[in-house]
2 protein chains.
Amino acid sequence: MSRIKTCVEAIYEGVDSVASRMPAMPVSEVLLVRLLMLTAGALLREFEVKLKPYGLNDSDFRTLMMLYSSEDGTATPGRLCLLAEQKPTNMTRIANALAKRDLISRSHATHDRRQVVLRITPAGRRFVAKMLPPLFPSLVESFACFSAAERKTFERLLKKLALHIDPLVDPDATP
Amino acid sequence: MSRIKTCVEAIYEGVDSVASRMPAMPVSEVLLVRLLMLTAGALLREFEVKLKPYGLNDSDFRTLMMLYSSEDGTATPGRLCLLAEQKPTNMTRIANALAKRDLISRSHATHDRRQVVLRITPAGRRFVAKMLPPLFPSLVESFACFSAAERKTFERLLKKLALHIDPLVDPDATP
DNA sequence: GGCTAATAGTTCGCTAGTGAACTATCAGGC
DNA sequence: GCCTGATAGTTCACTAGCGAACTATTAGCC
């Protein structure tokens, strides 16, 4: 029996079993959140296996891609933290690692000397251009079970959910 | 500007920017996987904030719940690894932590002395019964943006996706 | 019965990520 | 100009999780 299938079955059985003893449990919500985390976790792990040969994990990769896709190839650690859902501590480590490999460079902003400016290097751009295409096939395969309509629906629901939980997850943020 | 909304926008803009330079990129798939990971990550973090007062993280919690919902309140570490998507190493640590708090007990199986049997204790059952209900409201609120039909659709698509990626993620498993 | 291979857990050393404390710089009121 | 508070990053000590190596036990084969 394969792993994820076993997990899916265990989730349904476990939720069913607990619900019979605890009728107040919101069955539908528990199933959704468990399936969501299981699927995302599996996809993340699969993706990181693909990234490993390049010496990156998903956080490193996201950070590098944010710089790659930015207008002028630069960003501050603070902004990257915001966009990549990372804490400053970890961004420091990521930037150190990427800088050590000369994929990005570090400098100080002139107008505000507290800020650090990270910039993707030409070598960093070449690296991304080379490593990105081989990642596509397995990604396409992962979602091959969806029709175009299903893909659209799934995207719409995910986006709706993401924006809905935003204020719940981060109640102090400016709305 | 709140955090997740910024991330969602950054994902769409980033993908758009890269796609213009790299036409082979499967835009739809990249958006789906990024939204999925972002949403699941946010829900996980929110959930762990709720679990923290009880001194548990999500893995500890899942492990305890697997025992709680099992027929006789027992399971072997190996089975829990399979069901909770954990590695044996980590399960040892989790079992140590739960056993230290007397929420579970450890003993050896008689028919196969290699196997360890973990069993939820009466105190463990009381603990679960007490901590579980307070977790429900925020979980319900997280999915309050979905109609009943949307919830069903989302569950169906998640399940379909989970089962589809199963053999891709774990190619060595027995089908 | 005794050797070999496989299986269940554990230990160890490492990577990834976090909160709290710290440094450096900037902005605003006086 | 100069104190006060806020902001941007960094460092440090810690937790969570992983792969590889190890131990103990079992199953199969001769």
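Since the model is a prediction, treat every value here as computed from it, not as a measurement. Chain letters run A, B, ... following the sequence lines, proteins first, then strands; residues in each count from 1.
- For B:Val27, the side-chain contact (heavy atoms from CB on, under 4.5 Å) test picks out B:Val15, B:Ala19, B:Met25, B:Leu31, with sequence neighbours left out.
- Shown for residues 55-78 of chain A: residues whose heavy atoms fall under 4.0 angstrom of DNA chain C, namely A:Asn57, A:Ser59.
- Partner of A:Ile11 under the side-chain contact (heavy atoms from CB on, under 4.5 Å) criterion, chosen from A:Val30, A:Leu38, A:Asp16: A:Leu38.
- Using a 4.5 Å heavy-atom cutoff, the side chains of B:Phe143 and A:Leu161 are in contact.
- Not a single side-chain contact (heavy atoms from CB on, under 4.5 Å) links A:Ala97 to another residue, sequence neighbours left out.
- Put simply, CD on A:Gln115 is 16 Å from C1' on C:dT23, counting in whole angstrom units.
- Counting to the nearest Å, the C1' atom of D:dT7 and the NE2 atom of A:His108 are 15 Å from each other.
- The list of side-chain hydrogen bond (donor to acceptor under 3.5 Å, both in side chains) pairs with a residue in residues 73-83 of chain A, not counting sequence neighbours, reads A:Asp72-A:Thr74.
- The shortest side-chain heavy-atom distance between B:Gln115 and B:His108 does not fall under the 4.5 Å cut-off.
- Atoms NE2 (B:His111) and P (D:dT25) sit 15 Å apart, rounded to a whole Å.
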Quiz: residues 54-62 of chain B side-chain donor-acceptor pairs under 3.5 angstrom, not counting sequence neighbours:
| residue | atom | partner | partner atom | Å |
| --- | --- | --- | --- | --- |
| B:Asn57 | OD1 | B:Ser59 | N | 3.1 |
| B:Asn57 | OD1 | B:Asp60 | N | 2.8 |
| B:Asp58 | OD1 | A:Arg34 | NH1 | 3.4 |
| B:Asp58 | OD1 | A:Arg34 | NH2 | 2.7 |
| B:Asp58 | OD2 | A:Arg34 | NH1 | 3.1 |
| B:Asp58 | OD2 | B:Arg62 | NH1 | 2.8 |
| B:Ser59 | OG | B:Gln86 | NE2 | 3.1 |
| B:Asp60 | OD2 | B:Asn57 | N | 3.2 |
| B:Arg62 | NH2 | B:Ala84 | O | 2.6 |

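- If you check residues 92-102 of chain B against DNA chain D, the residues with a heavy atom closer than 4.0 Å are B:Arg93, listed by number.
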Expected list for residues 125-139 of chain B: side-chain donor-acceptor pairs under 3.5 angstrom, two or more places apart:
none

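- B:Phe146 meets the ring-ring contact (aromatic ring centres under 6.0 Å, His included) test with B:Phe154; sequence neighbours excluded.
- No side-chain heavy atom of B:Leu118 sits under 4.5 Å from any side-chain heavy atom of B:Ser105.
- Annotation: ring-ring contact (aromatic ring centres under 6.0 Å, His included) contacts of A:Tyr68 (sequence neighbours excluded): none.
- Checking B:Arg113 against A:Arg106, the closest nucleotide of DNA chain D that is more toward the 5' end is the one next to A:Arg106.
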Below 3.5 Å is the cut-off: list the nitrogen or oxygen pairs between protein and nucleotides 18-20 of chain D, distance only.
| residue | atom | partner | partner atom | Å |
| --- | --- | --- | --- | --- |
| D:dG19 | O6 | B:Thr89 | OG1 | 3.0 |
| D:dA20 | N6 | B:Thr89 | OG1 | 3.4 |

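- Between B:Leu44 atom CG and C:dT18 atom C1' there is a gap of 14 Å when expressed in whole angstrom units.
- Counting heavy atoms from C-beta outward, A:Leu43 and A:Ser142 have side chains that approach closer than 4.5 Å.
- Partners of B:Ser17 according to the side-chain contact (heavy atoms from CB on, under 4.5 Å) rule, which considers only residues two or more places apart in sequence or in another chain, are A:Ser69, B:Arg21.
- Going from atom CE of B:Met91 over to atom P of C:dT11 covers 15 Å, rounded to whole Å.
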Any protein N or O atoms within reach of nucleotides 2-6 of chain C? Criterion: under 3.5 Å, listing atom names and distances.
none

